[in-house]
Amino acid sequence: MKKNPASAAIDLLSSLGIEDVSSIDVADLIVYHNGIVIEKDLQNSDGRLVMKNGKSIVTVDSKIEFPQRKRYVLAHELGHIILHANHTASFTDDDTTLEGYKKGVQEKEANDFAAELLMPTDKFKETCEGRKFSPELLSELSSTFNTSLTSSVYRFIDLGNHPLAAFYSKDGKVQYWKKSKDMYYKIPDINKLNVPEESVAEEFYRYKRIYKINDIQEIEKTTWFELGKYDKNESMYEFCIIIPRYNSVLSIIWQD
């Protein structure tokens, strides 16, 4: 029977008696599942996995600067090991397969597993309960769960109680987007187009301007959204997470 990714993560935490998810050593969990972990310089990928006959080799890029990012890469590969153990397979993962946006069913499953393992639904919702989104809250979530800002954003979109949208761009062009179920604004067909003018993302690509995490910028709704017949062009906020190694930007958009 095919394993549910979130259930598999919950079962793993329960079987090992893990309660403090922020302290999980994911590399140890990979070793526990007959794998070995290697760090070395990878080109154009964050992680690689080779599986055969119940054993696996996980390689993580030594150039990844933040330990929280490495934890997520390892958790993603552990998801492949646990969920797709009946495959003889090789996976290569980069910014297009990790975290919020995925290529293929198996990549989505590995991400769902990693998200539940590192940011369990109940604990994440409890931390967010009754709180509006802000960069400060995002920083707190990242610290509490020992996860990257990016993975924390995507988890908040799924589980938080404040409407949020995130637009991922690379080399100045929008690649994909994701928004909370209760954010009802219409997003135009902007995939593969240049980031919008007057956006904070454009400021990065045009001027290499990077704002501090608590320095949010006010924008107009029409910067990223289409106005409906009865909509007003209200003020919104944009905060960007810059990933220089990929020349990419994650634009987070919300209202008070």
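Ion pair K178/D158 flagged as a salt bridge, since at least one NZ, NE, NH1 or NH2 atom sits closer than 4.0 Å to an Asp/Glu carboxylate oxygen.
A donor-acceptor distance shorter than 3.5 angstrom exists from the side chain of K123 to the backbone of E19, with no hydrogens or angles considered. Listed for the D231 side chain is a donor-acceptor partner under 3.5 Å among the backbone atoms of G228. Of the possible polar contacts, one joining the Q175 side chain to the K173 backbone as a donor-acceptor pair under 3.5 Å is found. Checked by atom type and distance alone, the side chain of S15 pairs as donor or acceptor with a backbone atom of D11 at under 3.5 Å. Side-chain N or O atoms of E238 include one that pairs as donor or acceptor with a backbone N or O of V200 at under 3.5 Å. Using modelled atom types, one side-chain atom of Q217 and one backbone atom of D215 make a donor-acceptor pair closer than 3.5 Å. E116 places no side-chain N or O within 3.5 Å of a backbone atom of D112 that could act as its donor or acceptor partner.
Other residues, nucleotides and ligands contribute only 12 or fewer heavy atoms inside 6.0 Å of the CD atom of E198. Annotation for D182: atom CG counts as buried by contact number, over 12 foreign heavy atoms lying within 6.0 Å. Crowding of K63 atom NZ: a count of heavy atoms from other residues, nucleotides or ligands under 6.0 Å exceeding 12. By the 6.0 Å contact criterion, CZ on R209 is enclosed, its count of non-hydrogen atoms from other residues, nucleotides or ligands being greater than 12. Atom NZ of K212 has 12 or fewer neighbouring heavy atoms from other residues, nucleotides or ligands inside a 6.0 Å radius.
A continuous path of Ile, Leu, Val, Met, Phe, Trp and Tyr side chains, each step under 4.5 Å between heavy atoms, connects L118 with I18, placing both in one hydrophobic cluster. Under a hydrophobic clustering in which Ile, Leu, Val, Met, Phe, Trp and Tyr are joined whenever their side-chain heavy atoms come within less than 4.5 Å, directly or via other members, L117 and V31 fall into different clusters. Residues V153 and F66 do not share a hydrophobic cluster, clusters being chains of Ile/Leu/Val/Met/Phe/Trp/Tyr side chains in contact below 4.5 Å. Cluster membership for L83 and L16, using ILVMFWY side-chain heavy atoms within less than 4.5 angstrom, is shared. Tracing side-chain contacts under 4.5 Å through hydrophobic residues (I, L, V, M, F, W, Y), one never reaches L42 starting from V73; they form parts of separate clusters.
Between the OG atom in S62 and the NZ atom in K70 there is a gap of 6.5 Å [rounded to 0.5 Å]. Taken from OG in S199 to CZ in R206, the straight-line distance is 9.5 Å, to the nearest 0.5 Å. If you take OG on S248 and CD1 on I242, they are separated by 8.0 Å, rounding to the nearest 0.5 Å. One distance of note links CZ of F156 with SG of C128; it measures 5.0 Å at 0.5 Å rounding. Interatomic distance, CD1 of I81 versus CD1 of I30, reported as 5.0 Å (0.5 Å rounding). Here OG of S142 is found 6.5 Å from CG of L138. Values are rounded to the nearest 0.5 Å.
Shortest non-hydrogen contact noted between I213 and S139 is CD1-CB, 3.8 Å. Across all non-hydrogen atoms, the minimal contact from N161 to G130 is ND2-N, 3.0 Å. When every heavy atom of S251 is checked against every heavy atom of C240, the shortest pair comes out as OG-SG, 3.5 Å. Between I24 and R71, the shortest heavy-atom contact is O-NH2, 3.2 Å. Taking both residues in full, the closest heavy atoms of A75 and F113 are given as O-CD2, 3.6 Å, listed atom of the first, atom of the second, then distance. Heavy-atom minimum distance, Y205 versus S169: OH-O, 3.2 Å.
Using bins of under 30°, 30° to 60° and over 60° for the plane-to-plane angle, the ring pair H76/H80 lands in the perpendicular bin. Between Y176 and Y168, the angle of the ring planes stays under 30°, which puts this pair in the parallel group of the 30/60° scheme. Aromatic ring orientation, Y237 versus W254: tilted (interplanar angle from 30° to 60°).
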Inset, instruction - Would you please test H33 and L78 for side chain to side chain contact (heavy atoms under 4.5 Å, CB included) and show each step? - result: CA-CA 8 Å; H33 287 85; L78 178 61; 4.0 Å; yes

Inset, instruction - Could you give me the CA-CA distance, side-chain angles and deciding distance for F167 and I187, then say whether side chain to side chain contact (heavy atoms under 4.5 Å, CB included) is met? - result: CA-CA 10 Å; F167 297 83; I187 296 175; 3.7 Å; yes

Legend entry - Audit row: L164, Y154, side chain to side chain contact (heavy atoms under 4.5 Å, CB included) steps and yes/no: CA-CA 10 Å; L164 199 70; Y154 293 142; over 6 Å; no

Inset, instruction - Could you go through the side chain to side chain contact (heavy atoms under 4.5 Å, CB included) check for T144 and F124 one step at a time? - result: CA-CA 9 Å; T144 298; F124 196 91; over 6 Å; no

Inset, instruction - Mind running salt bridge (Lys or Arg N to Asp or Glu O under 4.0 Å) on D46 and R69 for me, showing each step along the way? - result: CA-CA 9 Å; D46 285 339; R69 176 70 176 181; 2.5 Å; yes

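By the 4.5 Å heavy-atom criterion applied to side chains, T127 and L141 are counted as neighbours. The closest side-chain heavy-atom distance from F145 to P120 is below 4.5 Å. Between R48 and I57, every side-chain heavy-atom pair lies at or beyond the 4.5 Å cut-off. Considering only heavy atoms from C-beta on, L49 stays 4.5 Å or farther from T59 through its side chain. Considering only heavy atoms from C-beta on, L13 comes within 4.5 Å of V21 through its side chain. At least one side-chain heavy atom of I252 sits under 4.5 Å from a side-chain heavy atom of I241. Residues F133 and I253 are not in side-chain contact: their nearest non-hydrogen atoms beyond the backbone lie 4.5 Å or more apart. Put simply, the side chain of M236 reaches to within 4.5 Å of the side chain of Y185, judged on heavy atoms.
No donor-acceptor contact under 3.5 angstrom links the side chains of Q68 and T147, judged on distance only. Side chain to side chain, Q255 and H162 fail the donor-acceptor criterion of an N or O pair below 3.5 Å. S151 and S148 share a donor-acceptor pair across their side chains, judged by distance under 3.5 Å alone. In this model, a donor atom of one side chain and an acceptor atom of the other lie less than 3.5 Å apart for Y211 and E203. Under the 3.5 Å distance criterion, with hydrogens and angles disregarded, a donor-acceptor pair is assigned to the side chains of E218 and S235. For the residue pair K221 / N233, no side-chain donor-acceptor distance below 3.5 Å is found, with atom types taken as modelled. Between the side chains of T121 and R155, a donor-acceptor pair is found at a separation under 3.5 Å.
When M183, K186, E234 are each tested for a side-chain contact (heavy atoms from CB on, under 4.5 Å) with F225, only one passes: M183. For the side-chain contact (heavy atoms from CB on, under 4.5 Å) criterion with Y72, the lone passing option out of N146, N111, I64 is N111.
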